[in-house]
Number of protein chains: 2
Amino acid sequence: MSVPESKVTCGQTLAKVPIFSGLTESELVFLAERAVPRRYAAGESVFGEGEPCSGLYVVESGHVRIFKSSASGREQVLSIDGPGSSIAELPVFDGGNYPASVTAIDDATLLFVSKQDFQALCLAHPQVALKVLRVVGARLRRLVGIIEELSFTTVRHRLASFLLRLAQKEGKRSAAGVEITLPASNQELAAHIGTVRELVSRNLSRLQAEGMLQIDGRTVTISNLKALEAEIDSPE
Amino acid sequence: MSVPESKVTCGQTLAKVPIFSGLTESELVFLAERAVPRRYAAGESVFGEGEPCSGLYVVESGHVRIFKSSASGREQVLSIDGPGSSIAELPVFDGGNYPASVTAIDDATLLFVSKQDFQALCLAHPQVALKVLRVVGARLRRLVGIIEELSFTTVRHRLASFLLRLAQKEGKRSAAGVEITLPASNQELAAHIGTVRELVSRNLSRLQAEGMLQIDGRTVTISNLKALEAEIDSPE
DNA sequence: GCCCCTTCGTGACAAAAGTCATCGGCATGG
DNA sequence: CCATGCCGATGACTTTTGTCACGAAGGGGC
């Protein structure tokens, strides 16, 4: 009996997912046989906030955006996740609905694992449950961080720290400073730091006027890193 | 060999903790022998944000307050937990430091379980890990709820929804409406809804002026429940 | 090239949030 | 009984945030 090719691909992907690392070959196959690959076009919804939770997803390729949206149309991004990340690990266990919405940012392939299969796996392999707890821990820290920023800081602060996080992660050193690429639109950036398009635009301009940045389309060069850093840890 | 009395008490407490429900008698004893009771006076710190995490706590009696504090002295309460709640379940697994601070609100007794003991327990009893995931799920939902409120709503909204939550939980019907008791001080209330003392005071007065409430010291009677409810789900 | 659509930047406002200072009540403790 | 200190209320003011409206820039698609 031969294993379909798509299942083999699943297996290879699964082995790279943090929460499944440590499983044996045969266990991965077991899981791969039960994981359903689903393809999403850029912008397509994976699930919406409030829908009943049927299982968890693992990102195989592409990126997803986890966010809340308000009645008035504003959005707050909670997390962006790429290959290897699992999403909705938690609602699987507490039986509630999905607490936030998820869409694909670019074309993406996700593996779907049903609640039942996953719970069975956790019971059979306690290490998996511990791994899940670990990634959930990271998620919780991020959420607490967002709360902290929203509760204590201004849009200006949040923008500065967003830029610095970007610089940390994917910044390239150039002659004039550290070069980073902004999210697709200011609207999107606003959803990350919990505000609206206009304030992002204004605050970016202001930081540039103050000589910390140099903006060129979606590319920003941080020319005065020190000043920008001073911005985030000084209350004034 | 006799079991010390304090250990027996621990065992009785532990049986009532959600994450430990389902353990057998002997397993509870095993855990009780390793749990260390610690007493805290009202206001005393249990641990501070950023401290390395050595284990988790279970609330035996009293209440604790989980919160973040800012450089400028403001605080944001993340959760209030009472008997039966476990706290800091998560940092135990991801190896990081405590993400927030915890103090006792009133005189309290907590049971401390070391990281090692707890991890061993989870490995030996996968159901425990699943239970942990469940309570953590609830915690995550609460955090996402806080983010949603901070990001999308005004102080007025947050105050209204705080009052309604209080009414839901501990409200007593009286002639004039639903009667609730506010937190000890406006400062404390402010920390719950992410603002400052003055705004709480002003907004409470305003709600009273508009006829929704009747304030008498720390007691509030919600005289127009409908209106207050309308406040929270209308964007205006 | 030309239209259509989106996004950006901005000015002008309006509303909300936060700061500062003051006053008055109330409890505590000498 | 008075002094002291904490807390609540409130007025005056500043800063921040958010809204609305508009014009300019750019990128497809036809």
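Just so we're on the same page: letters track the sequence lines, and every chain starts at 1. When reading the values below, keep in mind they use all heavy atoms of this one structure, side chains included, and skip hydrogens, waters and symmetry mates. This one's a predicted model, so the numbers in the text were calculated from it and none came from an experiment.
- Atom-to-atom, CG of B:Asn203 to P of C:dA15 comes out at 15 Å; the value is rounded to the nearest Å.
- Atom CZ of B:Arg206 and atom P of C:dA17 are 9 Å apart (whole Å).
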Using the 3.5 Å cut-off, write out each protein N or O paired with an N or O of nucleotides 7-10 of chain D and the distance between them.
{"from": "D:dG8", "atom 1": "OP1", "to": "B:Asn186", "atom 2": "N", "distance (Å)": "2.9"}
{"from": "D:dA9", "atom 1": "OP2", "to": "B:Asn186", "atom 2": "ND2", "distance (Å)": "3.0"}
{"from": "D:dA9", "atom 1": "OP2", "to": "B:Ser201", "atom 2": "OG", "distance (Å)": "3.0"}
{"from": "D:dA9", "atom 1": "N6", "to": "B:Arg197", "atom 2": "NH2", "distance (Å)": "3.2"}
{"from": "D:dT10", "atom 1": "OP2", "to": "B:Ser205", "atom 2": "OG", "distance (Å)": "3.1"}

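- For the residue pair A:Glu89 and A:Ser86, a side-chain donor N or O sits within less than 3.5 Å of a side-chain acceptor on the partner.
- The backbone N or O of B:Arg74 lies less than 3.5 Å from no partner atom in the side chain of B:Ser69, so there is not a single donor-acceptor pair.
- A:Arg74 comes within 4.0 angstrom of sugar-phosphate atoms only, judged by non-hydrogen atoms across all strands, and of no base.
- Remark: B:Glu188 engages B:Arg65 in a salt bridge, criterion side-chain N to carboxylate O under 4.0 Å.
- Nucleotide D:dG18 holds its P atom 11 Å from the CZ atom of B:Phe152, rounded to whole Å.
- In terms of modelled atom types and a separation under 3.5 Å, the side chain of A:His192 and the main chain of A:Gln76 share no donor-acceptor contact.
- Partner of B:His63 under the side chain to side chain contact (heavy atoms under 4.5 Å, CB included) criterion, out of B:Asp81, B:Thr103, B:Asp106: B:Asp106 alone.
- Side-chain contact, B:Arg39 with B:Thr109: a donor N or O sits under 3.5 Å from an acceptor N or O.
- Taking the screw axis at each terminus of the helix from C:dG1-D:dC30 to C:dG30-D:dC1 from five consecutive base pairs, the angle between the two is 30° to within rounding of 10 degrees.
- Separating the CG atom of A:Leu182 from the P atom of C:dT7 is a distance of 15 Å, rounded to the nearest angstrom.
- With rounding to whole Å, B:His157 atom NE2 is found 13 Å from D:dG18 atom C1'.
- With B:Glu44 contributing its side chain and B:Ala41 its backbone, the two residues share a donor-acceptor pair below 3.5 Å.
- Considering all non-hydrogen atoms of both residues, B:Ser101 and B:Glu49 come closest at OG-N, 2.9 Å.
- The distance from atom CG of A:Leu159 to atom P of C:dG9 is 12 Å, rounded to the nearest whole Å.
- The interatomic distance linking A:Asp216 (CG) with C:dG9 (P) rounds to 11 Å, in whole Å.
- Using modelled atom types, no side-chain atom of A:Thr195 and backbone atom of A:Ala190 make a donor-acceptor pair closer than 3.5 Å.
- Take the nearest nucleotide of DNA chain C for A:Gly217 and for B:Arg156: the residue whose nucleotide is more 5' is A:Gly217.
- In this structure, the CZ atom of B:Arg158 is 13 Å from the P atom of C:dA16, given to the nearest Å.
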